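Accompanying notes for the structure given below.
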2 protein chains.
Amino acid sequence: MSHTFYDGQEKLFVATDCIIFGFDDNTIKLLLFERKVDPLAGRWSLIGSFVQENEGTKHAAARVLEEYTGLENVYMEELGCFGEVDRDPGARVLSIAYSALIRIGEYDVDLVERHGAKWFDYDQIPALVLDHNDMVDLAIQKLRRKAKYQPLGFELLPEKFTIPQLQILYECIYQRPLDKRNFRRKILSMNILEKLDEKDKLGSKKGAFLYKFDRDKYHSLAQKGILFEI
Amino acid sequence: MSHTFYDGQEKLFVATDCIIFGFDDNTIKLLLFERKVDPLAGRWSLIGSFVQENEGTKHAAARVLEEYTGLENVYMEELGCFGEVDRDPGARVLSIAYSALIRIGEYDVDLVERHGAKWFDYDQIPALVLDHNDMVDLAIQKLRRKAKYQPLGFELLPEKFTIPQLQILYECIYQRPLDKRNFRRKILSMNILEKLDEKDKLGSKKGAFLYKFDRDKYHSLAQKGILFEI
DNA sequence: TTTATAAGTGTAAAAAAAACACTTATTTTG
DNA sequence: CAAAATAAGTGTTTTTTTTACACTTATAAA
(Lines give C-alpha, C1' and ligand atoms only; values in the text may rest on other atoms or scores of the structure.)
Protein backbone atom coordinates (compact mmCIF):
# COMPACT_ATOMS: atom_id res chain seq x y z
CA MET A 1 0.00 0.00 0.00
CA SER A 2 2.46 2.60 -1.13
CA HIS A 3 -0.04 5.27 -2.14
CA THR A 4 -3.24 5.49 -0.14
CA PHE A 5 -5.68 8.28 0.42
CA TYR A 6 -4.10 8.85 3.81
CA ASP A 7 -1.13 10.46 2.05
CA GLY A 8 -1.45 14.17 2.16
CA GLN A 9 -4.06 14.21 4.90
CA GLU A 10 -3.35 16.36 7.90
CA LYS A 11 -2.70 15.04 11.35
CA LEU A 12 -3.67 16.71 14.60
CA PHE A 13 -2.49 16.68 18.18
CA VAL A 14 -4.84 14.53 20.22
CA ALA A 15 -4.93 14.70 23.99
CA THR A 16 -7.12 13.31 26.74
CA ASP A 17 -8.29 15.09 29.86
CA CYS A 18 -9.64 13.44 32.93
CA ILE A 19 -12.36 14.76 35.26
CA ILE A 20 -11.76 12.96 38.53
CA PHE A 21 -14.71 12.70 40.91
CA GLY A 22 -14.50 11.67 44.52
CA PHE A 23 -16.88 11.64 47.47
CA ASP A 24 -15.82 12.59 50.96
CA ASP A 25 -17.10 14.63 53.89
CA ASN A 26 -20.56 14.28 52.42
CA THR A 27 -19.55 16.23 49.34
CA ILE A 28 -18.76 15.45 45.73
CA LYS A 29 -15.24 16.63 44.97
CA LEU A 30 -13.02 17.01 41.95
CA LEU A 31 -9.27 16.53 41.86
CA LEU A 32 -7.46 19.37 40.10
CA PHE A 33 -3.79 19.93 39.37
CA GLU A 34 -1.48 22.87 38.94
CA ARG A 35 -0.43 22.88 35.31
CA LYS A 36 3.30 22.46 34.99
CA VAL A 37 3.87 23.28 31.33
CA ASP A 38 3.63 26.44 29.32
CA PRO A 39 1.40 27.91 28.09
CA LEU A 40 -0.56 28.61 31.26
CA ALA A 41 1.85 26.97 33.70
CA GLY A 42 0.80 27.41 37.33
CA ARG A 43 -2.91 27.57 36.65
CA TRP A 44 -5.46 24.97 37.82
CA SER A 45 -6.17 22.26 35.31
CA LEU A 46 -7.50 18.82 34.74
CA ILE A 47 -4.87 16.18 34.23
CA GLY A 48 -4.29 15.04 30.72
CA SER A 49 -1.88 13.54 28.29
CA PHE A 50 -1.24 13.36 24.62
CA VAL A 51 -2.45 10.19 22.97
CA GLN A 52 0.44 8.12 21.71
CA GLU A 53 0.51 6.47 18.31
CA ASN A 54 0.35 3.04 19.89
CA GLU A 55 -2.40 3.41 22.49
CA GLY A 56 -6.17 3.87 22.52
CA THR A 57 -7.63 7.13 23.83
CA LYS A 58 -9.08 5.53 26.94
CA HIS A 59 -5.74 3.92 27.60
CA ALA A 60 -4.08 7.33 27.50
CA ALA A 61 -6.56 8.68 30.02
CA ALA A 62 -6.14 5.66 32.30
CA ARG A 63 -2.37 5.90 32.00
CA VAL A 64 -2.25 9.48 33.17
CA LEU A 65 -4.78 8.77 35.91
CA GLU A 66 -2.58 6.03 37.26
CA GLU A 67 0.51 8.19 36.99
CA TYR A 68 -1.07 10.92 39.12
CA THR A 69 -3.08 8.88 41.63
CA GLY A 70 -1.65 5.38 41.63
CA LEU A 71 -5.08 3.95 40.85
CA GLU A 72 -5.72 1.20 38.31
CA ASN A 73 -9.00 -0.27 37.02
CA VAL A 74 -10.89 2.91 37.70
CA TYR A 75 -14.40 3.43 36.35
CA MET A 76 -13.96 5.78 33.38
CA GLU A 77 -16.43 6.96 30.85
CA GLU A 78 -16.00 9.06 27.77
CA LEU A 79 -17.46 12.51 28.15
CA GLY A 80 -16.88 13.70 24.63
CA CYS A 81 -14.51 15.25 22.17
CA PHE A 82 -13.54 18.87 22.61
CA GLY A 83 -12.43 19.88 19.18
CA GLU A 84 -12.93 23.59 18.66
CA VAL A 85 -10.18 25.02 16.48
CA ASP A 86 -8.99 27.64 18.94
CA ARG A 87 -9.55 25.84 22.22
CA ASP A 88 -5.82 25.68 22.90
CA PRO A 89 -3.85 28.85 22.21
CA GLY A 90 -0.60 26.93 21.88
CA ALA A 91 -1.57 24.65 19.01
CA ARG A 92 -4.49 22.87 17.42
CA VAL A 93 -5.14 20.19 20.01
CA LEU A 94 -8.20 18.05 20.14
CA SER A 95 -9.08 16.54 23.49
CA ILE A 96 -11.13 13.50 24.40
CA ALA A 97 -12.43 14.06 27.92
CA TYR A 98 -13.10 11.20 30.33
CA SER A 99 -14.94 11.18 33.63
CA ALA A 100 -13.36 9.03 36.31
CA LEU A 101 -15.07 7.99 39.54
CA ILE A 102 -12.66 7.05 42.27
CA ARG A 103 -12.90 5.85 45.85
CA ILE A 104 -11.33 8.70 47.71
CA GLY A 105 -9.83 6.47 50.36
CA GLU A 106 -7.83 4.40 47.92
CA TYR A 107 -5.59 6.77 46.02
CA ASP A 108 -1.90 7.33 46.70
CA VAL A 109 -1.90 10.48 48.83
CA ASP A 110 1.84 11.14 48.52
CA LEU A 111 1.82 10.75 44.77
CA VAL A 112 -1.10 13.11 44.39
CA GLU A 113 0.52 15.68 46.64
CA ARG A 114 3.79 15.51 44.76
CA HIS A 115 1.88 16.37 41.60
CA GLY A 116 0.49 19.52 43.13
CA ALA A 117 -3.09 18.36 43.22
CA LYS A 118 -5.98 19.53 45.38
CA TRP A 119 -9.58 18.42 45.94
CA PHE A 120 -12.28 21.02 45.27
CA ASP A 121 -15.96 20.87 46.14
CA TYR A 122 -17.77 20.45 42.89
CA ASP A 123 -19.68 23.68 43.28
CA GLN A 124 -16.51 25.64 43.99
CA ILE A 125 -14.33 24.91 41.02
CA PRO A 126 -11.79 27.66 40.31
CA ALA A 127 -11.07 29.08 36.87
CA LEU A 128 -9.30 26.39 34.89
CA VAL A 129 -7.09 26.49 31.82
CA LEU A 130 -8.45 26.22 28.28
CA ASP A 131 -12.00 24.84 28.11
CA HIS A 132 -11.57 22.69 31.20
CA ASN A 133 -14.41 24.46 33.01
CA ASP A 134 -16.71 23.44 30.17
CA MET A 135 -15.55 19.89 30.55
CA VAL A 136 -16.20 19.96 34.27
CA ASP A 137 -19.66 21.49 33.86
CA LEU A 138 -20.60 18.91 31.29
CA ALA A 139 -19.20 16.08 33.41
CA ILE A 140 -21.26 17.18 36.41
CA GLN A 141 -24.43 17.44 34.33
CA LYS A 142 -23.82 14.01 32.89
CA LEU A 143 -23.11 12.47 36.28
CA ARG A 144 -26.44 13.86 37.55
CA ARG A 145 -28.30 12.52 34.56
CA LYS A 146 -26.70 9.08 34.51
CA ALA A 147 -26.67 8.43 38.24
CA LYS A 148 -30.44 7.98 38.15
CA TYR A 149 -30.34 5.01 35.78
CA GLN A 150 -26.91 3.48 36.29
CA PRO A 151 -25.23 2.25 39.44
CA LEU A 152 -22.48 4.85 39.36
CA GLY A 153 -22.74 5.76 43.02
CA PHE A 154 -21.01 2.57 44.11
CA GLU A 155 -17.87 3.63 42.24
CA LEU A 156 -17.52 6.58 44.60
CA LEU A 157 -18.12 4.73 47.86
CA PRO A 158 -15.86 2.27 49.63
CA GLU A 159 -16.64 -1.37 48.94
CA LYS A 160 -18.56 -1.59 52.20
CA PHE A 161 -20.98 1.24 52.85
CA THR A 162 -24.15 1.95 54.79
CA ILE A 163 -27.56 2.90 53.39
CA PRO A 164 -27.39 6.36 54.99
CA GLN A 165 -24.00 6.96 53.32
CA LEU A 166 -25.44 5.96 49.98
CA GLN A 167 -28.39 8.24 50.52
CA ILE A 168 -26.18 11.22 51.34
CA LEU A 169 -24.21 10.58 48.15
CA TYR A 170 -27.37 10.66 46.05
CA GLU A 171 -28.56 13.75 47.88
CA CYS A 172 -25.27 15.42 46.90
CA ILE A 173 -25.58 14.36 43.29
CA TYR A 174 -29.20 15.43 42.95
CA GLN A 175 -28.80 18.41 45.26
CA ARG A 176 -32.04 17.73 47.06
CA PRO A 177 -33.05 15.85 50.21
CA LEU A 178 -34.48 12.36 49.86
CA ASP A 179 -36.87 10.63 52.22
CA LYS A 180 -34.93 7.95 54.06
CA ARG A 181 -37.76 5.44 54.26
CA ASN A 182 -38.54 5.71 50.55
CA PHE A 183 -34.86 5.65 49.64
CA ARG A 184 -34.13 2.55 51.66
CA ARG A 185 -37.18 0.74 50.33
CA LYS A 186 -36.35 1.57 46.74
CA ILE A 187 -32.66 0.63 46.80
CA LEU A 188 -33.27 -2.59 48.73
CA SER A 189 -36.16 -3.64 46.49
CA MET A 190 -33.74 -3.87 43.57
CA ASN A 191 -31.95 -6.79 45.19
CA ILE A 192 -28.53 -5.61 44.17
CA LEU A 193 -27.16 -5.03 47.66
CA GLU A 194 -25.71 -7.67 49.90
CA LYS A 195 -26.24 -7.02 53.60
CA LEU A 196 -23.24 -7.82 55.76
CA ASP A 197 -23.17 -8.80 59.42
CA GLU A 198 -20.88 -5.89 60.23
CA LYS A 199 -21.92 -2.48 61.37
CA ASP A 200 -20.27 0.86 60.80
CA LYS A 201 -20.10 2.51 64.21
CA LEU A 202 -18.42 5.74 63.16
CA GLY A 203 -21.46 7.54 61.89
CA SER A 204 -23.72 6.96 64.87
CA LYS A 205 -23.99 5.47 68.30
CA LYS A 206 -26.40 2.79 67.18
CA GLY A 207 -24.29 1.86 64.20
CA ALA A 208 -25.54 1.18 60.68
CA PHE A 209 -25.32 -2.10 58.84
CA LEU A 210 -22.78 -2.32 56.04
CA TYR A 211 -23.74 -3.42 52.54
CA LYS A 212 -21.88 -4.41 49.40
CA PHE A 213 -22.93 -3.75 45.81
CA ASP A 214 -23.44 -7.08 44.05
CA ARG A 215 -22.20 -6.45 40.50
CA ASP A 216 -23.07 -9.94 39.28
CA LYS A 217 -26.65 -9.67 40.47
CA TYR A 218 -26.91 -6.23 38.92
CA HIS A 219 -25.67 -7.45 35.56
CA SER A 220 -27.91 -10.47 35.45
CA LEU A 221 -30.92 -8.30 36.26
CA ALA A 222 -29.87 -5.71 33.69
CA GLN A 223 -29.64 -8.48 31.11
CA LYS A 224 -33.25 -9.44 31.84
CA GLY A 225 -34.25 -5.85 31.18
CA ILE A 226 -34.81 -4.99 34.83
CA LEU A 227 -33.47 -1.51 35.17
CA PHE A 228 -31.62 0.28 37.90
CA GLU A 229 -33.32 3.47 38.98
CA ILE A 230 -32.90 5.63 42.04
CA MET B 1 6.72 30.61 22.02
CA SER B 2 9.51 28.96 20.11
CA HIS B 3 9.88 25.87 22.30
CA THR B 4 6.75 24.46 23.85
CA PHE B 5 5.84 21.05 25.14
CA TYR B 6 3.95 20.44 21.91
CA ASP B 7 7.29 20.01 20.15
CA GLY B 8 8.07 16.38 19.78
CA GLN B 9 4.53 15.18 20.50
CA GLU B 10 2.97 12.85 17.99
CA LYS B 11 0.04 13.78 15.82
CA LEU B 12 -2.67 11.42 14.64
CA PHE B 13 -5.09 11.22 11.76
CA VAL B 14 -8.51 12.30 12.97
CA ALA B 15 -11.64 11.53 11.00
CA THR B 16 -15.37 11.82 11.58
CA ASP B 17 -18.06 9.33 10.62
CA CYS B 18 -21.72 10.03 10.35
CA ILE B 19 -24.61 7.69 11.16
CA ILE B 20 -27.54 9.07 9.18
CA PHE B 21 -31.01 8.14 10.40
CA GLY B 22 -34.21 8.61 8.44
CA PHE B 23 -37.82 7.53 8.84
CA ASP B 24 -39.95 6.37 5.93
CA ASP B 25 -42.43 3.62 5.13
CA ASN B 26 -42.99 3.25 8.85
CA THR B 27 -39.39 2.16 9.36
CA ILE B 28 -36.22 3.66 10.76
CA LYS B 29 -33.57 3.62 8.07
CA LEU B 30 -29.87 4.33 7.78
CA LEU B 31 -28.11 5.83 4.79
CA LEU B 32 -24.99 3.91 3.80
CA PHE B 33 -22.45 4.47 1.06
CA GLU B 34 -20.16 2.39 -1.07
CA ARG B 35 -16.64 3.23 -0.02
CA LYS B 36 -14.68 4.68 -2.89
CA VAL B 37 -11.14 4.67 -1.53
CA ASP B 38 -8.72 1.94 -0.72
CA PRO B 39 -8.38 0.10 1.53
CA LEU B 40 -11.77 -1.61 1.38
CA ALA B 41 -13.08 0.23 -1.69
CA GLY B 42 -16.50 -1.04 -2.81
CA ARG B 43 -17.69 -2.09 0.62
CA TRP B 44 -20.58 -0.52 2.50
CA SER B 45 -19.58 2.24 4.85
CA LEU B 46 -20.71 5.25 6.79
CA ILE B 47 -19.74 8.55 5.27
CA GLY B 48 -16.85 10.32 6.83
CA SER B 49 -14.07 12.79 6.35
CA PHE B 50 -10.76 13.72 7.80
CA VAL B 51 -10.84 16.65 10.18
CA GLN B 52 -8.96 19.60 8.75
CA GLU B 53 -6.54 21.71 10.75
CA ASN B 54 -8.90 24.68 10.56
CA GLU B 55 -12.29 23.18 11.42
CA GLY B 56 -14.01 21.69 14.46
CA THR B 57 -14.88 18.00 14.49
CA LYS B 58 -18.62 18.64 14.27
CA HIS B 59 -18.00 20.97 11.39
CA ALA B 60 -16.17 18.21 9.54
CA ALA B 61 -19.11 15.86 10.05
CA ALA B 62 -21.63 18.49 8.94
CA ARG B 63 -19.49 19.34 5.93
CA VAL B 64 -19.42 15.78 4.67
CA LEU B 65 -23.11 15.35 5.40
CA GLU B 66 -23.94 18.35 3.27
CA GLU B 67 -21.62 17.18 0.53
CA TYR B 68 -23.41 13.83 0.27
CA THR B 69 -27.04 14.82 0.92
CA GLY B 70 -27.31 18.54 0.25
CA LEU B 71 -28.70 19.08 3.75
CA GLU B 72 -27.66 21.91 6.06
CA ASN B 73 -28.56 22.60 9.69
CA VAL B 74 -29.18 18.97 10.41
CA TYR B 75 -29.61 17.71 13.98
CA MET B 76 -26.29 16.09 14.85
CA GLU B 77 -25.05 14.69 18.07
CA GLU B 78 -21.69 13.28 19.06
CA LEU B 79 -21.78 9.54 19.54
CA GLY B 80 -18.23 9.12 20.75
CA CYS B 81 -14.61 8.67 19.86
CA PHE B 82 -13.52 5.43 18.27
CA GLY B 83 -9.86 5.30 19.00
CA GLU B 84 -8.62 1.72 19.14
CA VAL B 85 -5.10 1.47 17.80
CA ASP B 86 -5.86 -1.09 15.11
CA ARG B 87 -9.35 -0.03 14.09
CA ASP B 88 -8.18 1.04 10.63
CA PRO B 89 -5.77 -1.33 8.87
CA GLY B 90 -4.47 1.45 6.64
CA ALA B 91 -3.17 3.78 9.31
CA ARG B 92 -3.72 4.91 12.88
CA VAL B 93 -6.92 6.87 12.46
CA LEU B 94 -9.09 8.06 15.26
CA SER B 95 -12.73 8.73 14.44
CA ILE B 96 -15.32 10.90 16.13
CA ALA B 97 -18.73 9.47 15.24
CA TYR B 98 -21.84 11.64 14.95
CA SER B 99 -25.48 10.65 14.72
CA ALA B 100 -27.54 12.70 12.30
CA LEU B 101 -31.34 12.72 12.15
CA ILE B 102 -32.70 13.85 8.80
CA ARG B 103 -36.12 14.37 7.27
CA ILE B 104 -36.13 11.78 4.56
CA GLY B 105 -38.22 13.91 2.21
CA GLU B 106 -35.78 16.80 2.18
CA TYR B 107 -32.46 15.46 0.97
CA ASP B 108 -31.09 15.83 -2.55
CA VAL B 109 -32.00 12.51 -4.16
CA ASP B 110 -29.75 12.95 -7.21
CA LEU B 111 -26.75 13.91 -5.14
CA VAL B 112 -27.20 10.92 -2.87
CA GLU B 113 -27.58 8.56 -5.81
CA ARG B 114 -24.48 9.92 -7.49
CA HIS B 115 -22.53 9.07 -4.33
CA GLY B 116 -23.65 5.45 -4.47
CA ALA B 117 -25.76 5.56 -1.36
CA LYS B 118 -28.62 3.35 -0.30
CA TRP B 119 -31.12 3.31 2.57
CA PHE B 120 -31.17 0.22 4.78
CA ASP B 121 -33.73 -0.78 7.39
CA TYR B 122 -32.03 -0.38 10.71
CA ASP B 123 -32.39 -4.03 11.59
CA GLN B 124 -30.89 -5.14 8.29
CA ILE B 125 -27.57 -3.37 8.18
CA PRO B 126 -24.98 -5.19 6.05
CA ALA B 127 -21.39 -5.80 7.06
CA LEU B 128 -19.63 -2.46 7.06
CA VAL B 129 -15.98 -1.48 6.84
CA LEU B 130 -13.77 -1.06 9.89
CA ASP B 131 -15.72 -0.66 13.14
CA HIS B 132 -18.69 1.01 11.47
CA ASN B 133 -21.09 -1.73 12.60
CA ASP B 134 -20.09 -0.95 16.19
CA MET B 135 -20.83 2.69 15.57
CA VAL B 136 -24.23 1.86 14.09
CA ASP B 137 -25.14 -0.47 16.96
CA LEU B 138 -24.17 2.14 19.50
CA ALA B 139 -26.05 4.85 17.64
CA ILE B 140 -29.24 2.79 17.57
CA GLN B 141 -28.96 2.00 21.27
CA LYS B 142 -28.41 5.64 22.06
CA LEU B 143 -31.32 6.77 19.89
CA ARG B 144 -33.61 4.36 21.76
CA ARG B 145 -32.40 5.57 25.10
CA LYS B 146 -32.52 9.28 24.33
CA ALA B 147 -35.79 9.33 22.40
CA LYS B 148 -37.66 8.77 25.64
CA TYR B 149 -36.48 11.98 27.28
CA GLN B 150 -35.63 14.28 24.39
CA PRO B 151 -37.78 15.41 21.49
CA LEU B 152 -35.66 13.71 18.86
CA GLY B 153 -38.59 12.22 16.97
CA PHE B 154 -39.51 15.53 15.42
CA GLU B 155 -36.15 15.68 13.66
CA LEU B 156 -37.12 12.60 11.66
CA LEU B 157 -40.64 13.69 10.68
CA PRO B 158 -41.67 16.37 8.23
CA GLU B 159 -42.46 19.72 9.78
CA LYS B 160 -46.17 18.90 9.65
CA PHE B 161 -47.12 15.46 10.90
CA THR B 162 -50.07 13.62 12.39
CA ILE B 163 -50.32 12.03 15.81
CA PRO B 164 -50.62 8.51 14.31
CA GLN B 165 -47.42 9.13 12.30
CA LEU B 166 -45.62 10.22 15.44
CA GLN B 167 -46.89 7.16 17.26
CA ILE B 168 -45.67 4.81 14.54
CA LEU B 169 -42.24 6.44 14.73
CA TYR B 170 -42.01 5.83 18.45
CA GLU B 171 -43.27 2.28 17.99
CA CYS B 172 -40.40 1.75 15.55
CA ILE B 173 -37.84 3.24 17.89
CA TYR B 174 -39.03 1.28 20.92
CA GLN B 175 -39.94 -1.80 18.91
CA ARG B 176 -43.20 -2.30 20.72
CA PRO B 177 -46.81 -1.27 20.15
CA LEU B 178 -48.19 1.71 22.05
CA ASP B 179 -51.79 2.36 23.02
CA LYS B 180 -53.10 5.14 20.82
CA ARG B 181 -55.32 6.71 23.45
CA ASN B 182 -52.56 6.82 26.04
CA PHE B 183 -50.02 8.01 23.48
CA ARG B 184 -52.20 10.86 22.26
CA ARG B 185 -53.07 11.96 25.77
CA LYS B 186 -49.46 11.94 26.88
CA ILE B 187 -47.97 13.81 23.95
CA LEU B 188 -50.73 16.42 23.89
CA SER B 189 -50.58 16.98 27.64
CA MET B 190 -47.03 18.31 27.24
CA ASN B 191 -48.29 21.31 25.32
CA ILE B 192 -45.45 21.27 22.85
CA LEU B 193 -47.53 20.54 19.74
CA GLU B 194 -49.41 23.11 17.72
CA LYS B 195 -52.55 21.76 16.08
CA LEU B 196 -53.09 23.01 12.53
CA ASP B 197 -56.37 23.41 10.68
CA GLU B 198 -55.12 21.14 7.90
CA LYS B 199 -55.66 17.44 7.65
CA ASP B 200 -53.48 14.79 6.09
CA LYS B 201 -55.78 12.73 3.88
CA LEU B 202 -53.22 10.27 2.57
CA GLY B 203 -53.15 7.95 5.52
CA SER B 204 -56.86 7.43 5.88
CA LYS B 205 -60.27 8.24 4.49
CA LYS B 206 -61.24 10.30 7.46
CA GLY B 207 -57.97 12.22 7.46
CA ALA B 208 -55.86 13.07 10.48
CA PHE B 209 -55.13 16.54 11.76
CA LEU B 210 -51.62 17.86 11.21
CA TYR B 211 -49.48 19.18 14.04
CA LYS B 212 -46.22 21.11 14.34
CA PHE B 213 -43.58 20.75 17.04
CA ASP B 214 -43.27 24.05 18.90
CA ARG B 215 -39.57 24.34 19.69
CA ASP B 216 -39.93 27.61 21.58
CA LYS B 217 -42.58 26.21 23.87
CA TYR B 218 -40.49 23.10 24.41
CA HIS B 219 -37.43 25.13 25.36
CA SER B 220 -39.27 27.42 27.71
CA LEU B 221 -40.81 24.41 29.45
CA ALA B 222 -37.45 22.64 29.59
CA GLN B 223 -35.95 25.74 31.19
CA LYS B 224 -38.58 25.57 33.92
CA GLY B 225 -37.55 21.99 34.58
CA ILE B 226 -40.61 20.44 32.97
CA LEU B 227 -39.29 17.44 31.16
CA PHE B 228 -40.18 15.80 27.90
CA GLU B 229 -41.01 12.14 28.26
CA ILE B 230 -42.73 9.72 25.95
C1' DT C 1 -29.19 6.42 84.70
C1' DT C 2 -30.38 9.95 81.82
C1' DT C 3 -29.63 12.17 77.51
C1' DA C 4 -28.40 12.65 72.90
C1' DT C 5 -27.84 10.79 68.28
C1' DA C 6 -28.60 8.67 64.10
C1' DA C 7 -30.65 4.02 62.41
C1' DG C 8 -34.43 1.72 61.29
C1' DT C 9 -39.43 0.76 60.29
C1' DG C 10 -45.12 0.84 57.86
C1' DT C 11 -49.13 2.85 56.09
C1' DA C 12 -52.20 5.88 53.75
C1' DA C 13 -52.96 9.31 50.05
C1' DA C 14 -51.93 11.01 45.58
C1' DA C 15 -50.27 10.69 41.06
C1' DA C 16 -49.03 8.26 37.00
C1' DA C 17 -49.44 4.48 33.89
C1' DA C 18 -51.83 0.85 31.74
C1' DA C 19 -55.80 -1.53 30.03
C1' DC C 20 -59.69 -1.45 27.40
C1' DA C 21 -64.15 -0.67 23.05
C1' DC C 22 -66.97 2.09 20.65
C1' DT C 23 -68.17 6.21 17.47
C1' DT C 24 -67.00 9.21 13.56
C1' DA C 25 -65.68 10.98 9.04
C1' DT C 26 -64.80 9.83 4.60
C1' DT C 27 -63.68 7.11 0.42
C1' DT C 28 -64.43 3.11 -2.24
C1' DT C 29 -67.22 -0.32 -4.08
C1' DG C 30 -71.17 -2.79 -5.68
C1' DC D 1 -76.65 6.06 -3.93
C1' DA D 2 -76.42 2.79 -0.22
C1' DA D 3 -73.33 -0.27 2.06
C1' DA D 4 -68.86 -1.51 3.38
C1' DA D 5 -64.29 -0.61 4.62
C1' DT D 6 -60.72 2.10 6.91
C1' DA D 7 -58.16 4.65 10.05
C1' DA D 8 -59.03 8.74 13.35
C1' DG D 9 -60.58 10.08 17.43
C1' DT D 10 -62.45 9.83 22.22
C1' DG D 11 -63.15 8.49 28.50
C1' DT D 12 -63.14 5.75 32.24
C1' DT D 13 -61.56 2.26 35.40
C1' DT D 14 -57.85 -0.41 37.40
C1' DT D 15 -53.31 -1.01 38.69
C1' DT D 16 -48.91 0.50 39.85
C1' DT D 17 -45.76 3.77 41.45
C1' DT D 18 -44.53 7.61 44.10
C1' DT D 19 -44.87 10.61 47.80
C1' DA D 20 -45.73 12.14 52.43
C1' DC D 21 -45.37 11.45 57.05
C1' DA D 22 -43.81 10.02 62.91
C1' DC D 23 -42.40 6.98 66.15
C1' DT D 24 -39.17 3.26 68.17
C1' DT D 25 -34.50 1.37 68.84
C1' DA D 26 -29.63 0.70 69.89
C1' DT D 27 -25.73 2.67 71.80
C1' DA D 28 -22.24 6.03 73.46
C1' DA D 29 -21.48 10.02 76.10
C1' DA D 30 -22.51 12.86 79.88
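Each chain gets a letter, A, B and so on, in the order the sequences are listed, and its residues count up from 1. Note that the structure is a prediction, hence the values are computed from the model and not measured. Side chains are part of it too, since the values below use all heavy atoms of this structure and drop only hydrogens, waters and symmetry mates.
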Inset, instruction - Return the value, rounded to whole Å, for the distance between atom CG of B:Asp200 and atom P of C:dT27. - result: 13 Å
Inset, instruction - Would you mind reading off the distance between B:Tyr170 atom OH and C:dA17 atom P, rounded to a whole angstrom? - result: 15 Å
Inset, instruction - Verify the distance criterion only: is there a donor paired with an acceptor across the side chains of B:Asp17 and B:Ser95 at less than 3.5 Å? - result: yes
Inset, instruction - Report yes if a donor N or O on one partner sits less than 3.5 Å from an acceptor N or O on the other, where the partners are the side chain of A:Lys206 and the base of C:dG8; otherwise report no. - result: no
Inset, instruction - Return the nearest nucleotide to the side chain of A:Arg185; candidates are D:dT27, C:dG10, D:dG9. - result: C:dG10
Legend entry - Residues, nucleotides or ligands: over 12 heavy atoms within 6.0 Å of B:Glu34 CD: yes
Legend entry - Listed nucleotide nearest any side-chain atom of B:Lys201, set D:dA29, C:dG8, C:dT26: C:dT26
Legend entry - Nucleotide C:dA17, atom P - distance to CZ of B:Phe183 in whole Å: 14 Å
Inset, instruction - Give a yes or no on whether a donor-acceptor pair under 3.5 Å exists between the nucleobase atoms of D:dA8, that is its base, and the side chain of B:Lys180. - result: yes
Inset, instruction - State whether the distance check finds a donor on one side and an acceptor on the other, under 3.5 Å, for side chain A:Arg181 versus base C:dG8. - result: no
Inset, instruction - Looking only at side-chain atoms of A:Ser204, point me to the closest of D:dA28, D:dA8, C:dA7. - result: C:dA7
Legend entry - Nearest to side-chain heavy atoms of A:Asn182, which nucleotide of D:dA8, D:dA28, C:dG10: C:dG10
Inset, instruction - Choose from C:dA17, C:dA6, D:dG9 the nucleotide whose nearest atom is closest to any side-chain atom of B:Phe209. - result: D:dG9
Inset, instruction - Identify whether the distance between the nearest side-chain nitrogen and carboxylate oxygen of B:Glu155 and B:Arg215 falls below 4.0 Å. - result: yes
